[in-house]
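Keep in mind it's a predicted model, so treat the numbers as computed, not measured. Numbering of ligands and ligand atoms starts at 1, following listing order.
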Amino acid sequence: MEMEMDRMEQWKNQIQQWLHQGEELIHQIPPNQLYPAIGAVLLTTFFLLLFRLFKCTQFNIIVLTGLSGSGKTVLFYQLRDGSSHQGTVTSMEPNEGTFVLHSEMTKEGKIKPVHIVDVPGHSRLRPKLDEFLPRAAGIVFVVDALEFLPNCRAASEYLYDILTRASVVKKKIPVLILCNKVDKVTAHTKEFIRKQLEKEIDKFRASRTAISAADVANEYTLGVPGEAFAFSQCHNKVTVAEASGLTGDISQLEQFIREYVKS
Ligand SMILES: Nc1nc2c(ncn2[C@@H]2O[C@H](COP(=O)(O)OP(=O)(O)OP(=O)(O)O)[C@@H](O)[C@H]2O)c(=O)[nH]1
Ligand SMILES: [Mg+2]
């Protein structure tokens, strides 16, 4: 018992000595150096905190895009509320929200919310994409697997436009091509849809590179010259998945979201 008291006393002395030394050291520094140093430390801490906050709120965006009627708004509500809010109409404004995915509500512990934006497919609203793409952690390109063939060309053109944007190419933003409405037996398979999109994009690519080089100076080109286009040639990761917003079969979509927005 006595030995322990002795050791405690020793420690106390030692700590006091250290404190004293520290104090002396600080006194040795002239104030005109000390204050800037303290200022620098405080400023760095402040910016680090600000940066973290910014990173948390601003760069976690998952952008839902695709032609009008492909089912983006239904998917948005399914992710947020776990129900489809049947009877959605053509959206005129982007739907935006920061929330914990409905399927993760029951999970224990702290779960990071996701910021999801559903950008309407109407061509007049597409410029809205520019607002969100530079901050996107991932892009979900929703395709109507039921009415795919009549929309194949338009969907390919829209997808081509997204895949060649500087903000997407430079940051290598991952893209998920989500074949929606697979609850219906007549829906096309994701493999079929992928091949058709690749074929159609290949055609665009040929016609666009035929335009004078000056016109396309700013645009990034897709694929490997002389080879048939395949999504695997893109610098960013492009994957294909299936979903049904109507029945809530959206696990592959949720998996994509959680791969790029860690919880
Ligand atoms: N069978 C089936 N129908 C769906 C599914 N998802 C959406 N729909 C239907 O498709 C239609 C369009 O869905 P929306 O979510 O409004 O489409 P959107 O992509 O938001 O369209 P815009 O807002 O115009 O860009 C609606 O009538 C939905 O009921 C699905 O998984 N299966
Ligand atoms: Mg909509």
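- Side-chain heavy atoms closer than 4.5 Å link hydrophobic residues (I, L, V, M, F, W, Y) into clusters, and following such links, even through other members, never connects Val100 to Leu79.
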Task: Step-by-step side-chain contact (heavy atoms from CB on, under 4.5 Å) determination, Phe192 to Leu149 - done: CA-CA 10 Å; Phe192 176 81; Leu149 286 174; 4.1 Å; yes

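- When Lys184, Glu147, Lys181 are ranked by how near their heavy atoms come to atom 4 (C) of ligand 1, first place goes to Lys181.
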Open item on the list: Walk me through whether Gln78 and Ser84 qualify under side chain to side chain donor-acceptor pair (under 3.5 Å).
Closed with: CA-CA 5 Å; Gln78 196 65 256; Ser84 65; 4.8 Å; no

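- For atom 28 (C) of ligand 1, the nearest non-hydrogen atom from the set Asn95, Val74, Leu64 belongs to Val74.
- Among the atoms of His122, none of the N or O lies under 3.5 angstrom from an N or O of ligand 1.
- Stacking of Arg205 on the aromatic ring of Tyr160 is not recorded, the 6.0 Å distance cut-off and the 45° axial limit not both being met.
- Within the 3.5 Å criterion, the main-chain N or O of Ser70 finds no donor-acceptor partner in the side chain of Glu147.
- Any N or O atom pair closer than 3.5 Å counts here, and Leu146 shares no such pair with ligand 1.
- Note on Thr73: counted as a metal contact of the Mg ion (ligand 2), an N/O/S atom lying under 2.8 Å.
- A distance-only check finds no donor-acceptor pair linking the side chain of Arg153 to the backbone of Glu200 [under 3.5 Å].
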Open item on the list: Determine whether Tyr260 and Leu176 satisfy the following criterion, side-chain contact (heavy atoms from CB on, under 4.5 Å), listing intermediate values before the conclusion.
Closed with: CA-CA 11 Å; Tyr260 297 104; Leu176 178 75; over 6 Å; no

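- For Asp183, every heavy-atom contact with ligand 1 shorter than 4.0 Å involves the side chain, none the backbone.
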Task: CA sep, side-chain torsions, deciding dist, call: Phe141, Tyr158, ring-ring contact (aromatic ring centres under 6.0 Å, His included) - done: CA-CA 9 Å; Phe141 187 82; Tyr158 194 10; 5.7 Å; yes

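- Using a 4.0 Å cut-off to heavy atoms of Pro120, the atoms of ligand 1 that qualify are 25 (O).
- Listed by number with element, the atoms of ligand 1 under 4.0 Å from a non-hydrogen atom of Ser244 are 31 (O).
- Taking distance alone, with nitrogen or oxygen atoms compared against 3.5 Å, Thr247 stays at or beyond that limit from ligand 1.
- No N or O atom of Gly66 sits closer than 3.5 Å to an N or O atom of ligand 1.
- Environment of CE in Met105: crowded, with over 12 heavy atoms of neighbouring residues, nucleotides or ligands closer than 6.0 Å.
- Within the 2.8 Å limit, Ser91 places at least one N, O or S atom next to the Mg ion (ligand 2).
- Ligand-side atoms of ligand 1 in range of Gly121: 25 (O), range being under 4.0 angstrom from any heavy atom.
- If you number the atoms of ligand 1 from 1 as listed, the ones under 4.0 Å from a heavy atom of Ser91 come out as 22 (P), 23 (O), 24 (O).
- Of the polar atoms of Val119, none of the N or O atoms is found under 3.5 Å from an N or O of ligand 1, judged by distance alone.
- Taking CD1 from Ile139 and CG from Asn236, the interatomic distance works out to 7.5 Å, rounded to the nearest 0.5 Å.
- At a 3.5 angstrom cut-off on N or O pairs, Ser68 counts as close to ligand 1.
- Under 4.0 Å from ligand 1, not a single heavy atom of Val142 appears.
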